Amino acid sequence: MTGKPPQITMVQALNQAIDEAMAEDDGVFCLGEDVAAKQGGGVFKVTSGLTEKYGTHRIRATPISETAIVGAAVGAALAGQRPIAEIMLMNFVGVCMDQIVNHAAKLRFMSGGQTNVPLVIRTTTGVGVGFGGQHSDMLEAWFAHVAGIRVVTPSNAADAKGLMRSAIDSNDPVIFIENILCYGLKSDDPGPGYRVPLGEAAIAREGSDVSLITYGRTVLDALAIADEMASVGISVEVVDLRTIAPYDEETVLASVRKTGRAITLHEAVRPYGTGAEMAATIHEKLWGKLKAPVLRIGGTFSPVPFVAALEQAWIPTKPEIVAAIRSSMENG
Amino acid sequence: MTGKPPQITMVQALNQAIDEAMAEDDGVFCLGEDVAAKQGGGVFKVTSGLTEKYGTHRIRATPISETAIVGAAVGAALAGQRPIAEIMLMNFVGVCMDQIVNHAAKLRFMSGGQTNVPLVIRTTTGVGVGFGGQHSDMLEAWFAHVAGIRVVTPSNAADAKGLMRSAIDSNDPVIFIENILCYGLKSDDPGPGYRVPLGEAAIAREGSDVSLITYGRTVLDALAIADEMASVGISVEVVDLRTIAPYDEETVLASVRKTGRAITLHEAVRPYGTGAEMAATIHEKLWGKLKAPVLRIGGTFSPVPFVAALEQAWIPTKPEIVAAIRSSMENG
Amino acid sequence: MAADQLRDAPSRAEIDRATLRDIYTRTMKVNRTDEKFRALLMEGKVAVMYYCVRGQELVSAAAMTALTDDDYVVCTYRGQGEQTAKGIPAEKWWAECLGKVTGTCKGKGGTMHITYPEKGIMVTTGVVGSGLPIANGLAMASQNNGDGRVTMVSFGDGAANIGGFHEAMNMAALYQLPIVFLCQNNRYGEHTAFADHTASPSIADRAAGYGMRSIHVDGNDVHQMYNAAKLAVDRARAGEGPTLIEAMCYRMMGHFFGADFSYMPPEHLAEMKAEDPLPKLRAVMLDRQFTEAELDDIVAQIDAEIDTAVARALAADFPDPHELKVDVFEEEMP
Amino acid sequence: MAADQLRDAPSRAEIDRATLRDIYTRTMKVNRTDEKFRALLMEGKVAVMYYCVRGQELVSAAAMTALTDDDYVVCTYRGQGEQTAKGIPAEKWWAECLGKVTGTCKGKGGTMHITYPEKGIMVTTGVVGSGLPIANGLAMASQNNGDGRVTMVSFGDGAANIGGFHEAMNMAALYQLPIVFLCQNNRYGEHTAFADHTASPSIADRAAGYGMRSIHVDGNDVHQMYNAAKLAVDRARAGEGPTLIEAMCYRMMGHFFGADFSYMPPEHLAEMKAEDPLPKLRAVMLDRQFTEAELDDIVAQIDAEIDTAVARALAADFPDPHELKVDVFEEEMP
Ligand SMILES: Cc1ncc(C[n+]2csc(CCOP(=O)(O)OP(=O)(O)O)c2C)c(N)n1
Ligand SMILES: Cc1ncc(C[n+]2csc(CCOP(=O)(O)OP(=O)(O)O)c2C)c(N)n1
Ligand SMILES: [Mg+2]
Ligand SMILES: [Mg+2]
């Protein structure tokens, strides 16, 4: 074999995963604002080219009606289909939480298992593109706090493909969070049928001194910082959760058992973020075995500001993460 | 003076607080489904008798339109009024999260401080009355995770009155959570003008062995259990947060510094609940000073079931709380 | 299409005897179930939330008669009518309401969340207006896979003011979904009278704004009610898109059992009484040569069935707390 | 009121010269601001999200002319027209768009969230349709305290399909709030053409379903547009309740600056060009004996003002990160 393996971007990876699933199962269909060919295949092009293959019944461009979009996905899922609904940006879940939380997540339980809701809600978000206060939030903690729904986010293109296939396969509802800043990331093409199981974290980089537990875009920061820290003799293990909830507690605990130190890192604001759950669990389960308290890093506790000068200060910064690692290392 | 001081129920306490605020400030008004006299003064009678005094412009019965209700409250608050909006049951925030989170909470920041949103959103909820999966959730952790909004819940009638006055006074938006099962609780009437400052926890019972940190209805459980534990020689300190977010970290840490042991307790499901934030903070701030890991107790991680046989198993049970206290005492 | 072309006229066309008998049977099933529930609550034998359907029996029964077993239904907490008229076995229904493990949902759903896919009862929601968007999804599935099913979603007048109603109506019209929107206008949303929550004279008036067909009928008149349902269901099944039916009726027993209804003015109570669908339906039946005895017999059979169902449901077990770990996700919780 | 009585006819009544001059000035302010923004973006001098208003200038300008300084406005990310036409000082506006501490919101809000209460711009929202419920609240405050203000809320055709629109329309009609709903129907919601998101021919058709008055106008015709706004504003101020105005216009430059708009068919582009409001307005002005020189002078003054404002905004400072602790709650964050 000569040359490099073919590469795909995260957008292509998502597109391929959806395409493969649609080809295999007639029940898979997409709905959301601007998703069809006539509208250009989605504002981020994730559903590009699919209308041509599957028609406008299976790639449905919708009105701006998030409640109707998610509601329709819930209903179609109850009828045995596997809808993939798009909420263009994550903050807009604000207008349709009822359908997600009171319905999608609960109908299996409330029906005593007679029905289930195998839908995927794709959405995107991200701080760092100047979208301001109403278009940048990471709200995964809201969903993690709700029984009956899974929350997934990829940090690279290959995982995006594999997680999307598994999300579509899942018989439970899945919130699939994409990060705008990651859409262009490239991975080696993992090939057709590739799946990453839900609920399994990845050790994105092995290390022995401190576990940096993160997901989504901040995995990139974590890896970059781990590189740097290696050069000053601190060995950082980067845990990429991939499934945020229910998360892979076993892998997280195994990592921290090994390193004795943990830092949680996410773009979402720190208070009441997912890091709190992990920190609380690690402290409880590894009582007496930690060398330092679990530190948590998250976005600044304010709405996301518009201008880059503030936005870059808002997100977890490199110095902040490095300082946390150093502070952790000073203990024990 | 002879006889007992006059007593008021939590419903009366809330009614008095609103009445006093309306009498003092023309800008205070209520809106919500069924709140006016023609509809019987609210389904839980909290606004009973107020239409007669203040008219239907200041006690506005609304259509079933939570987005329009909260939106109107946001707009009126921007114009300098102090609306009190009612969302009949907490789960219905699902249809209006956008107005609460993307607007009420953020407009002060996004306007650079030119505007602010002094509104109160009253809502009620509670497990134990057989309302089932869509009418029983405690969702305070969602709001606690959002910058710009305060979350308050009283555990007794006097606090209800004092917190409601302070919530109405507040220049920030406040989510005010009432528990259906607490509406009938009685306190000595704290008299006119009574206020409990937002952001201040109360030591509901002093103790020296373990801090039980809770709020709302579970304060009653905590107090009852503290009584029992006293009889077997375990001294439980009960911290009633009263303001859930931003919470009184100082009082919580002071209590745990004293006892060396902490248990968080809430009706909301345990994963990603407010207890996680407190546990994570306590471990971090009191590193090396704790005698035992912080334990967390919350509702079962499932939708709330209908039948009492399941519902009573779903909520944090007495044996569960007692077991946590004993387990905590066994450490250190 | 112009607004007036989108409005169908109510029809008093004759209904064949077999169908009429069916409607009567279903109506009485709804009514006797309601009476029984209230009796049990009165006697204190059960203590659960129950949203009475007294006054709305015919609307549900006639609408369900227009559907096949396979058709989908989405209803509300006040869904006893749709549920029993669509054919949920009495014992399973009662057991669910009493929270028993033998209930449709093993006691986890309860009175506000009855589900029974075997008879097409796909969701019963407690969040006002949330059923409409979900119903669209069921209809979308049918449209996608061409299974010929029709979806009917029932909701109240109050629900017509929530955002989900609007989004669902527009989407259904846009996609020409095989769906029927059944607004049971019982003149109240909880404690609020129609005119105090809606400034237009009728909910049906809203359909034109979505380019959707509509029909406004007297829900206490069996001919108007059944013919409207039939028209809408047939249209949906033929791929000719959605219809909004507004069925005027009365909520005769307050919002839920035991709730205060002193806010309802006496004129209204008198008006309701005069329009009670049950004596009217009985008159139609007699007029069509059903005998008193025949009709009484139908009711007696229903009562017997209900009594057996209630007895069995009362005797059944409550679910085990282990059920809290089941049906949360596909896999059992640890 | 019957549906046809709720519909006002567009009016071509003459507009007095002073008002016409005012409308022209505001229209050109909107247009020159838009041109300048696009130029700066093209040159790469700024790199922010900007939602062009080319083609919709007259709608905003005429509507704002019908309001007083004290009246309230709620608009969207595509709100440059309302914002500049209502009178936000150019320098403050530009500084905000460039994220400077001298901006209306100290650079925290940005292009999608301009606020300036001094001129009644109370909220600019980025969540489609969310402005309508908030606008009701502003109007409710005016109704409560009798301050005589009118609230106008601007939104797109796409926004008319979200739940908040519906809830707000019904509530405004029910309470007869002093509010004007201005739907700028620019034929697209993001990439979706009107007919692909709405099955009825017009948004104005929906008003009757709420018992609300409405008017459907050509937003490129200064007479129709201004007279409609004036009628609705006067009505609201007189306590006669809300009006929905649907102003037909074209979004000539795609969804936001730099966005692909290949999905727009060529016929549409040609149609748009023929209806461009600017040459039409200029023709009206000339017809009313404004001279070319006079009109050019107005534009020159505007350009000068904009150039100064942009220069100052470019030179101003970015906010200090300390701003992240301010304006979250009333008290500064620790
Ligand atoms: C979103 C939401 N808001 C409020 C409620 C509380 N609530 C329950 S039933 C009801 C009245 C509904 O009226 P209508 O739609 O006319 O139905 P009906 O009860 O008359 O059958 C209300 C307000 C709810 N369940 N959901
Ligand atoms: C609730 C919500 N859904 C989706 C979006 C993404 N979005 C931003 S603008 C827009 C199109 C809005 O169209 P229209 O209301 O016609 O306004 P226009 O942009 O044409 O002025 C969409 C879908 C959003 N901001 N909010
Ligand atoms: Mg009703
Ligand atoms: Mg548009």
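Just so we're on the same page: letters track the sequence lines, and every chain starts at 1. None of the values given here were measured: they were computed from a predicted structure.
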Fill in: Smallest separation among heavy atoms of B/Ala280 and A/Ala279, with atom names
CB-CB, 3.7 Å

With a 4.5 Å heavy-atom cut-off, do [X] and [Y] have their side chains touching?
X        : Y        : answer
B/Val146 : A/Phe301 : no
A/Val304 : B/Lys106 : no
B/Phe92  : A/Asn102 : no
B/Arg296 : A/Thr281 : yes
B/Glu140 : A/Tyr272 : no

Discussion item. Just verifying a value: how many Å separate A/Leu310 CG and B/Phe109 CZ, rounded to the nearest 0.5 Å?
Written reply: 6.5 Å

Response to the item:
Here the gap from B/Met97 atom CE to A/Asn91 atom CG, rounded to the nearest 0.5 Å, amounts to 10.5 Å

Quick one: what part of [X] sits under 4.5 Å from any heavy atom of chain A, side chain, backbone, both or neither?
X        : answer
B/Arg108 : neither
B/Trp142 : both
B/Leu139 : neither
B/Ser302 : both
B/Pro305 : both

Item to complete: Output, in order, the C-alpha distance, side-chain angles, deciding distance and verdict of side-chain hydrogen bond (donor to acceptor under 3.5 Å, both in side chains) for B/His103 and A/Gln134.
Response: CA-CA 8 Å; B/His103 295 88; A/Gln134 294 181 333; 3.1 Å; yes

Using a cut-off of under 4.5 Å for heavy-atom pairs, which of [options] has the most such pairs with chain A?
options                                : result
B/Gln99, B/Arg270, B/Met278            : B/Arg270
B/Thr264, B/Val294, B/Val93, B/Val269  : B/Val269
B/Met110, B/Lys285, B/Glu284           : B/Glu284
B/Gly275, B/Gly133, B/Gly148, B/Pro246 : B/Gly133

Discussion item. For the interface with chain B, which of A/Leu290, A/Ile282, A/Thr300 has the highest count of heavy-atom pairs at distances below 4.5 Å?
Written reply: A/Leu290

Worksheet item: Distance-only, no hydrogens or angles: does the B/His145 side chain make a donor-acceptor pair with backbone N or O of A/Pro271 under 3.5 Å?
Response: yes

